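Presented below is the structure to which this report refers.
None of these values were measured; they are calculated from a predicted model. One is the number of the first residue; the rest follow in order along the sequence. These values consider heavy atoms only, across backbone and side chains, with no hydrogens, waters or symmetry-generated copies.
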Amino acid sequence: MEKITLALLAMLTCSITLYSYAVTHPTNALSHKACTSWDIVKRKAFELSHTDFSNQSVLMYHYIEPKLNNHETDNKSIINLEDFEQNMKYLHDEGYRTITLNQLEQYVSGKISLPQKSIVITFDDGYQNNYTLAYPVLQKYNFHASLFVIGSKIQDQPSEFEPAINSFISKPEMQAATDVFEFNSHTYNLHHKGFMRCGNSVPVGLDTSLLDDDIQHMKQTGKDTPYLAYPFGYTSTQMIYKLQQHGYRMAFTVKSGFVHPGDHPMKLPRLTVTTGTDLATLLQPESSPQNEPFASENDQ
C-alpha cells in the first residue's frame, strides 16, 4: 500500500507540473503533448487508486483416499481423507465461506466484490470417492464445491464403493449431492493424451476438430454448463476460441496462483492441495506463486 501511495504522489507532482505548463502555454505544440501526458497520468492515477487488490483462492482436489489405502504417497493428485478433513475443519474454524462459480465469474468481471475469506473448492475428474468420502465432510461444514466431471466416465448406477478401487461417480450419486456440489465440464472424452505435435503426445483437446462433437456429447449428459476445467491443464488460443463459440465463459488451468478482478476468465489459476499441504501457508498470497504469463498453448 505504501508503494501505491508513493506512486500516486509522484504522479500528482508530475501532473501539476504538466498542467501548469499547459495552462501557461495554451497554443504551444509542447503544451499539447503536456496536456496529453496530463490525461494519461490522470488515467493511471485513477486506475491505481481504484484497483481492487483483493484476491480469491480456488482450491483444486482430485482423488480422496483414506491414508490406510494410499500407497502412492508421491502422487500429487491424491489427498488422504484425514488431510482433507483437516483442510475443511481449518477453513471452517478460520471463518472461510465457499462461493459458487457464478459468484466467482461475477467477481472476475468486476460486477461484485467478495469477502476476503471466501473461497472456491473444486474437484477434477469425478471420482466416486468425491461423493462417498468428500461429500459428507463438505456437508458437515455446509460448504459448496464444484465437481468437474468427465462425461464419458459418469456411471448409470452406483457401484459398490471400495476405497482401493478407482471408480467414478454415478448419475444417482450426482443427484443426491446437489446440496453440496455443482457439476461442470472436464470434457466428455478428451481427458487423455494422443494428439501428436512436434513429436510429443499432448492432450487430445488441443485438436480443436474434436471439440464440437465432444461438447455436444457433454451437453447430452445434461451438463450444459458455461464452466470447464482443462484436461491436464492444457489449453490453447484456438481451444479457447472454440469453447467460447459454444458458450463457455470461464475455465480453469492447473497453474498455481490467485484469481483477481480482470483476469482472463478462460485462463484462471488454482491452488493444488494434496497430502501434507499446509493450507494456512498456501492461502497466503506472498507464499504462493502468482499468476504467471500464460503461453498460448501447453498451459500445464
Going from [atom1] on [X] to [atom2] on [Y], what distance comes out if it is rounded to the nearest 0.5 angstrom?
X      : Y      : atom1 : atom2 : value
Leu211 : Thr208 : CG    : OG1   : 6.0 Å
Asn69  : Asn129 : CG    : CG    : 10.5 Å
Leu81  : Gln86  : CG    : CD    : 10.5 Å

To check you understand the geometry: which heavy-atom pair defines the closest contact between [X] and [Y], and what is its length?
X      : Y      : value
Leu282 : Val273 : CD2-CG2, 3.9 Å
Leu283 : Ile119 : CD2-CD1, 3.9 Å
Ile99  : Ser118 : CG2-CB, 3.8 Å
Ala145 : Leu138 : CB-CD1, 4.0 Å

Between [X] and [Y], is any pair of side-chain heavy atoms under 4.5 Å apart?
X      : Y      : result
Arg249 : Tyr227 : yes
Tyr230 : His186 : no
Lys117 : Arg97  : no

Do [X] and [Y] meet the criterion of a side-chain donor-acceptor pair at a distance under 3.5 Å?
X      : Y      : result
Arg270 : Thr122 : yes
Thr100 : Asn102 : no
Thr275 : Asp83  : no
His246 : Asp212 : yes

Chi angles and distances behind the side chain to side chain contact (heavy atoms under 4.5 Å, CB included) call for Leu206, Arg197: CA-CA 10 Å; Leu206 294 179; Arg197 189 181 57 203; 3.8 Å; yes
Apply the hydrophobic cluster definition, ILVMFWY joined by side-chain contacts under 4.5 Å directly or through others, and give me every member besides Tyr127. Tyr63, Ile78, Phe168
More than 12 heavy atoms from other groups under 6.0 Å of [atom1] on [X]:
X      : atom1 : value
Gln220 : CD    : yes
Asn142 : CG    : no
Lys89  : NZ    : no

When clusters are formed by joining ILVMFWY residues with side-chain heavy atoms under 4.5 Å apart, either directly or through shared neighbours, do [X] and [Y] land in the same one?
X      : Y      : value
Val137 : Leu68  : no
Phe161 : Ile169 : yes
Leu101 : Ile150 : no
Ile165 : Tyr131 : no
Tyr241 : Leu268 : no

Listing request: all ring-ring contact (aromatic ring centres under 6.0 Å, His included) pairs with a residue in residues 192-220, at least two apart in sequence or in separate chains.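 Every ring-ring contact (aromatic ring centres under 6.0 Å, His included) pair that includes a residue of residues 192-220, provided the two are not neighbours, is Tyr188-His217.
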Write out all pairs satisfying ring-ring contact (aromatic ring centres under 6.0 Å, His included) with one or both partners inside residues 77-106, taking only residues at least two apart or from two chains. Tyr61-Phe84, Phe84-Phe123, His92-Tyr141
Show which side-chain atoms of residues 173-180 pair as donor or acceptor with protein atoms under 3.5 Å away, not counting sequence neighbours.
unit_1, atom_1, unit_2, atom_2, d
Glu173, OE1, Ser170, N, 2.9
Glu173, OE1, Ser170, OG, 3.0
Glu173, OE2, Gln128, NE2, 3.1
Thr178, OG1, Gln175, O, 3.2
Asp179, OD1, Tyr135, OH, 2.8
Asp179, OD2, Tyr135, OH, 3.2
Asp179, OD2, Gln139, NE2, 3.0

Using the test side chain to side chain contact (heavy atoms under 4.5 Å, CB included), find all partners of Lys140 that sit at least two apart in sequence or belong to another chain. none
Name all residues meeting the side chain to side chain contact (heavy atoms under 4.5 Å, CB included) criterion together with Asp224; count only those two or more places apart in sequence or in a different chain, and write none if there are none.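 With neighbours one apart ignored, the set is Lys219.
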Give a yes or no on whether a salt bridge exists between Asp125 and Lys153, defined as a side-chain N under 4.0 angstrom from a carboxylate O. no
Run the ring-centre check on Phe148 versus Phe252 and record whether the distance is less than 6.0 Å.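 Yes, they do, as the ring centres are separated by less than 6.0 Å.
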Take Glu182 and Asn184 through the test side-chain hydrogen bond (donor to acceptor under 3.5 Å, both in side chains) and record every step on the way to the result. CA-CA 7 Å; Glu182 61 175 283; Asn184 295 292; 3.0 Å; yes
Please report the C-alpha distance between His191 and Phe232 in whole Å, then the side-chain angles of each, then the deciding distance to 0.1 Å, and finally whether the ring-ring contact (aromatic ring centres under 6.0 Å, His included) criterion is met. CA-CA 7 Å; His191 197 283; Phe232 304 100; 4.6 Å; yes
